[in-house]
Number of protein chains: 2
Amino acid sequence: MKYTLSEDDIPTSWLNIAADFGGTAAPILDPATGEPVSREELARSMAEPLIEQELSTEPEFEIPGPVRDIYRQWRPTPMYRARRLERVLDTPARIYYKYEGVAPSGSLKPNSAVPQAYYNKQAGRTGLVTETGAGQWGTAIASAAAMFGLTAKVFMVGVSFRQKPYRRALMEAYGAVCSASPSPETAAGRAILAEDPDHPGSLGIAKSEAMEVAWANPELGYTRGSSLNHVCAHQTVIGQEAMAQMALADDYPDIVVGPCGGGSTLAGMCFPFLRDKLRGGREIRLIAAEPVACPTLTRGRIAYDHSDAARLTPLSRMHTLGHRFVPPPVHAGGLRAHDSSPLISRAVENGLMEAVALRQVAVFEAGIMFARAEGILPAPESSHAVRAAIDEALRCREEGRSKAILIALSGHGHFDLAAYEKYLSGTLPDDEPSEEVFQQGLDSIPQLATL
Amino acid sequence: MKYTLSEDDIPTSWLNIAADFGGTAAPILDPATGEPVSREELARSMAEPLIEQELSTEPEFEIPGPVRDIYRQWRPTPMYRARRLERVLDTPARIYYKYEGVAPSGSLKPNSAVPQAYYNKQAGRTGLVTETGAGQWGTAIASAAAMFGLTAKVFMVGVSFRQKPYRRALMEAYGAVCSASPSPETAAGRAILAEDPDHPGSLGIAKSEAMEVAWANPELGYTRGSSLNHVCAHQTVIGQEAMAQMALADDYPDIVVGPCGGGSTLAGMCFPFLRDKLRGGREIRLIAAEPVACPTLTRGRIAYDHSDAARLTPLSRMHTLGHRFVPPPVHAGGLRAHDSSPLISRAVENGLMEAVALRQVAVFEAGIMFARAEGILPAPESSHAVRAAIDEALRCREEGRSKAILIALSGHGHFDLAAYEKYLSGTLPDDEPSEEVFQQGLDSIPQLATL
């Protein structure tokens with residue numbers, strides 16, 4: 001069953017949960033001085049209105065008309081009751097999922113790519129540069145750039161670039177230029193390649209390359225697909241719509257689950273519910289589902305760290321496995337981030353959100369089960385949330401309790417079939433990082449007096 | 001701009017245009033006797049309610065409740081005004097497109113796969129068997145079968161099987177078993193392979209294999225993704241919704257274009273408009289866009305012919321290039337059919353519909369132009385309709401006239417990126433069949449007294 005909103009129900013503003021955390025949000029620090037980073041410094045790579053949002057503690061940002069006009073192409077996205085999956089699981093749980101794969105590029109990423117392209121165009125920049133893991137963000141930026149007549153340059157994590165050649169082809173179809181990272185095009189990339197010519201890449205390295213290109217080309221705007229406060233805010237259109245749709249279903253979630261890499265899917269779905277709870281609304285469990293291969297929230301430390309490997313980004317206070325941590329090449333490329341969103345980290349630290357780490361094979365099993373029951377093959381990132389939801393639904397069965405579980409289904413898995421094929425043929429690995437890899441990452445976290 | 005319908009606007013019945021063509025519809029003939037084929041003969045492979053619809057001249061068929069419940073997952077599909085494309089073309093034309101790619105499997109095919117699975121389940125069959133070209137139909141059947149607890153066996157045209165390995169993987173993710181056709185699994189396949197072990201396959205050959213398996217296994221229901229009357233009827237949900245959406249836009253199309261292989265996309269979009277016209281409604285041009293590589297409507301003959309290569313199917317009166325015609329391996333696998341829908345053929349013959357044949361490179365150019373302007377990368381099949389629409393829009397510009405043009409955008413091109421990549425690198429061929437290939441096809445058309 002689908003819960004349908006009209007276009008009039010597309011949110012008119014983005015929610016900024018930083019407002020709800022009070023004035024206690026940790027500042028972003030300049031690594032050279034240890035002092036809060038200046039707006040001028042941020043403006044070297046980012047468009048002004050995005051910096052404004054990033055640093056703001058206002059509770060809401062108005063969505064510009066031209067952005068809302070483009071949102072209309074796929075928003076409001078549908079929310080469904082997964083009745084066939086419930087039957088397969090024989091669970092008393094009521095499972096709902098909100099599906100962002102109906103967006104033209106197949107994931108939630110255009111929710112933030114479109115405003116980022118818009119603000120950069122307004123600011124007079126002629127092109128965008130960014131990094132991408134699995135390719136969902138790169139595709140969204142490529143498409144948004146084309147809509148606004150901007151160029152797009154994307155550094156794609158090497159292992160995903162090779163696992164998913166058609167993601168690159170799709171970005172090129174939109175007119176973007178895409179390189180495997182680490183690449184010989186930047187000093188950051190060349191330094192990594194000198195150490196290891198076959199380096200699989202990481203989001204941290206790809207970020208360094210994109211930042212470096214942005215700094216060297218002031219006409220280009222650097223854009224980020226997750227983690228940052230303004231990206232989390234843009235994604236709250238998901239949760240705002242979901243709240244209205246749960247009301248249509250005459251229900252309210254006991255549990256909300258989302259995949260967590262950088263954290264913007266999870267933030268986008270959960271923060272509206274979290275605000276509701278913080279303002280006296282209903283109790284609710286918010287669960288971050290991450291891979292055991294990159295367990296940032298469950299094994300990382302809360303510390304000031306860089307978001308990129310070459311330490312070009314300022315320092316943020318967040319869960320981190322260390323900027324030199326390189327996770328095994330699991331297929332949920334979008335979840336291979338050593339760091340989390342500072343706002344998600346704050347929510348976890350304050351006990352407002354839980355996290356679970358899941359094994360790759362169990363995650364793909366859940367994805368296949370979902371596809372056969374509900375008709376939609378989830379992206380591996382989304383399958384993490386599906387796995388966590390199925391585990392909760394099975395617990396409901398054991399306990400004989402009915403709970404409402406809401407899944408943030410961030411995108412479809414049409415570009416991840418090589419991975420699903422491996423799962424079906426029994427050759428998908430279940431890699432975890434070694435203790436040595438963890439230690440190497442943790443050792444790279446800067447030692448700062450401030451926390 | 002999107003024109004949004006509510007779930008209450010999902011059609012409650014399928015339109016059967018055969019009713020509007022009067023009692024003049026040509027019967028399906030048994031090739032052995034030259035007489036109209038019996039229901040018993042058809043029932044060897046097809047479920048009874050589908051045969052009923054196939055032979056009916058009733059104007060409408062009611063959509064069963066369980067089918068309509070599944071339709072709700074993605075219907076009504078959106079219709080858009082392509083304002084950014086209009087600006088790129090600098091045309092006074094008003095271009096609209098109705099997008100079926102929001103269905104879980106990414107194309108219009110579930111509109112017929114779901115009812116076909118439903119009726120077969122009702123009839124007590126335990127599985128489905130079918131053929132697929134580009135893989136859109138096979139994917140839809142795989143998914144629909146999973147929803148109803150049926151097995152699915154799919155013969156996929158060999159050249160597409162090899163061009164698009166991830167289509168097969170997606171079918172397998174849904175639990176289907178997929179073979180490259182011609183295959184060694186059937187007598188029909190073995191006969192072709194004996195002649196040419198590297199045969200690229202064709203829809204006609206894949207149909208023979210699927211029919212053969214259905215006949216040998218009475219518990220399996222044979223299903224067809226296009227051409228047949230009942231498939232065309234199922235797809236009319238598209239055109240019925242589009243008529244309501246054009247009314248929302250306070251407009252009416254002067255021209256409707258759809259891709260044409262078997263013809264179900266085109267039929268689905270056009271037949272509701274055609275009925276309106278035949279009942280005294282507005283004048284309208286209906287355009288079938290087909291590839292020069294397989295120009296069934298523009299170069300074929302109207303004749304009784306088989307729909308499959310091994311002559312297992314009964315004879316239908318339609319445009320045909322001959323059941324032994326094998327088109328070059330163009331990337332719009334869904335349009336590589338030697339025969340057309342008998343109902344489409346009738347519309348063309350009666351001057352109610354036009355046809356144009358388009359070159360592959362020009363088609364891909366249109367697909368890329370559409371993707372960059374509108375954000376959606378069309379399937380190569382759909383790009384045929386986009387090309388034809390762009391040509392009409394450019395004509396509007398030359399003539400300084402504004403016309404409303406409606407495109408049937410049948411699906412997304414996420415599984416066709418190898419082909420788009422070839423186009424972008426300038427290596428996409430523009431093959432046409434040789435005169436010899438045409439002659440070989442035409443020579444295979446049976447000589448019958450009846451026409």
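As a basis for the values below, the full set of heavy atoms in this structure was taken, side chains included, without hydrogen atoms, waters or symmetry mates. Chain naming here is simple, since letters A, B, ... match the order of the sequence lines and numbering starts at 1 in each.
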Scan the chain B/chain A interface and emit each donor-acceptor pair under 3.5 angstrom with its distance.
unit_1	atom_1	unit_2	atom_2	d
B:Lys2	NZ	A:Arg72	O	2.9
B:Lys2	NZ	A:Arg75	O	3.0
B:Thr4	OG1	A:Glu7	OE2	2.6
B:Glu7	OE2	A:Thr4	OG1	2.6
B:Arg72	O	A:Lys2	NZ	2.9
B:Gln73	O	A:Tyr80	OH	2.3
B:Gln73	NE2	A:Tyr97	OH	3.1
B:Gln73	NE2	A:Glu374	O	2.8
B:Arg75	O	A:Lys2	NZ	3.0
B:Tyr80	OH	A:Gln73	O	2.3
B:Tyr97	OH	A:Gln73	NE2	3.1
B:Arg168	NH1	A:Glu421	OE2	3.1
B:Arg168	NH2	A:Glu421	OE2	2.7
B:Glu172	O	A:Arg372	NH2	3.1
B:Ala173	O	A:Arg372	NE	2.8
B:Ala173	O	A:Arg372	NH2	3.3
B:Tyr174	OH	A:Gly375	O	2.5
B:Arg372	NE	A:Ala173	O	2.8
B:Arg372	NH2	A:Glu172	O	3.1
B:Arg372	NH2	A:Ala173	O	3.3
B:Glu374	O	A:Gln73	NE2	2.8
B:Gly375	O	A:Tyr174	OH	2.5
B:His412	NE2	A:His414	ND1	3.3
B:His414	ND1	A:His412	NE2	3.4
B:Glu421	OE2	A:Arg168	NH1	3.1
B:Glu421	OE2	A:Arg168	NH2	2.7

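- The shortest non-hydrogen separation linking B:Ile376 to A:Pro104 is CG1-CB, 3.8 Å.
- When the side chain to side chain contact (heavy atoms under 4.5 Å, CB included) test is applied to A:Ala117, the partners found at least two apart in sequence or on another chain are A:Leu128, A:Ala144, A:Phe148, A:Leu150.
- Interface remark: of the candidates A:Ala146, A:Gly367, A:Gly101, A:Ala373, A:Ala146 forms the most heavy-atom pairs closer than 4.5 Å to chain B.
- Chain A forms more heavy-atom pairs under 4.5 Å with one residue of B:Ala173, B:Ala371, B:Gly175 than with any other, namely B:Ala173.
- Among B:Ala103, B:Ala418, B:Pro110, B:Gly413, the residue with the largest count of heavy-atom pairs under 4.5 Å with chain A is B:Ala418.
- Per-residue counts of heavy-atom pairs under 4.5 Å with chain B were compared for A:Val102, A:Ile70, A:Leu170; the largest is that of A:Leu170.
- Minimum interatomic distance between B:Leu424 and A:Ala169 (heavy atoms only, all atoms of both residues): CD1-O, 4.5 Å.
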